[in-house]
Amino acid sequence: MTKETKNLILEMSAGIVFHNTILGILAVVICSVRDQRIMPIFLGLLAGGISAVLMLLHMAVITERAMDCGDEGYANKTTMVHAIGRKAVYIAVLALVLFRLPQVNPLAMVVGTMGLKTGAYLQPIVHRLGGWRLYRSEEGGLDQSSI
């Protein structure tokens, strides 16, 4: 994977974490007012955030592989097959959570997975606000002095 792709994944992952953190805070407030259990919602948001990051990584790897192949038809077929497979795996995991893991709220998992979209929308903002701290602009790599 290229450095630019790794930086993009890191910035989008920060957006996913931000999304799920805000939802977790809202869940605490709402559950304390309505006197409901909070742990299933937290576990659902955690499962959704993890699945969103894993889907992001898979999309990045497949997109780079498709771009490197050089054949447009093969690239289209590859990305389409992997997108369908990714959705099928997510639906299978969601079904497993729904029927076998009552400790995890499946609705919270779906909402947590929507952090993938939020992460994509927040990526330019994260890049502008925090990118200069994490990356050297001339190299695009990690700045070891600030870590």
Student check: side-chain heavy atoms of His127 and Pro124 closer than 4.5 Å: no

Contact check, side chains of Pro106 and Val110, non-hydrogen atoms, under 4.5 Å: no

Path from Met59 to Leu57 over hydrophobic side-chain contacts below 4.5 Å: yes

Non-hydrogen side-chain atoms of Cys31 and Gln36 separated by less than 4.5 Å: yes

Inter-residue atom distance His82.NE2 - Ile62.CD1, 0.5 Å rounding: 4.0 Å

CZ on Arg86 to CE on Met55, rounded to 0.5 Å: 8.0 Å

Linked, directly or transitively: Leu8 and Val61 (ILVMFWY side chains, under 4.5 Å): yes

Heavy-atom closest contact (Val28 atom, Ile38 atom, distance): N-CD1, 3.6 Å

Separation between CG of Leu45 and CD1 of Ile50, rounded to the nearest 0.5 Å: 11.0 Å

Gly48 versus Asn20, closest heavy-atom pair with distance: C-ND2, 4.5 Å

ILVMFWY network linking Ile16 to Leu94, side-chain heavy atoms under 4.5 angstrom: yes

Check: Ala60 main-chain N/O paired with Thr63 side-chain donor or acceptor under 3.5 Å: no

His19 side chain vs Val111 backbone, donor-acceptor pair below 3.5 Å: yes

Taking every non-hydrogen atom, the tightest pair across Gly44 and Val104: CA-CG1, 3.6 Å

Steps toward side chain to side chain donor-acceptor pair (under 3.5 Å) verdict (Tyr90, Ser51): CA-CA 8 Å; Tyr90 179 72; Ser51 65; 4.8 Å; no

Minimum-distance pair of heavy atoms, taken over all atoms of Ala27 and Ile41: CB-CG2, 3.6 Å

From Leu54 atom CG to Leu116 atom CG, the distance as rounded to the nearest 0.5 Å: 11.0 Å

Rounded distance (nearest 0.5 Å) linking atom OG1 of Thr118 with atom CE of Met12: 10.0 Å

For Glu11, the option from Ile125, Leu129, Val126 that meets side-chain contact (heavy atoms from CB on, under 4.5 Å): Val126

Expected output: side-chain Thr5 to main-chain Met1 donor-acceptor under 3.5 Å: no

Cluster link Leu43 to Leu101, ILVMFWY, side chain under 4.5 Å: yes

Sequence-distant partners of Tyr121, side chain to side chain contact (heavy atoms under 4.5 Å, CB included), two or more places apart: Lys117

From Gln123 atom CD to Leu56 atom CG, the distance as rounded to the nearest 0.5 Å: 10.0 Å

Leu122-Leu26 co-clustered via ILVMFWY side chain contacts under 4.5 Å: yes

Heavy-atom closest contact (Thr79 atom, Ala66 atom, distance): CG2-CB, 3.8 Å

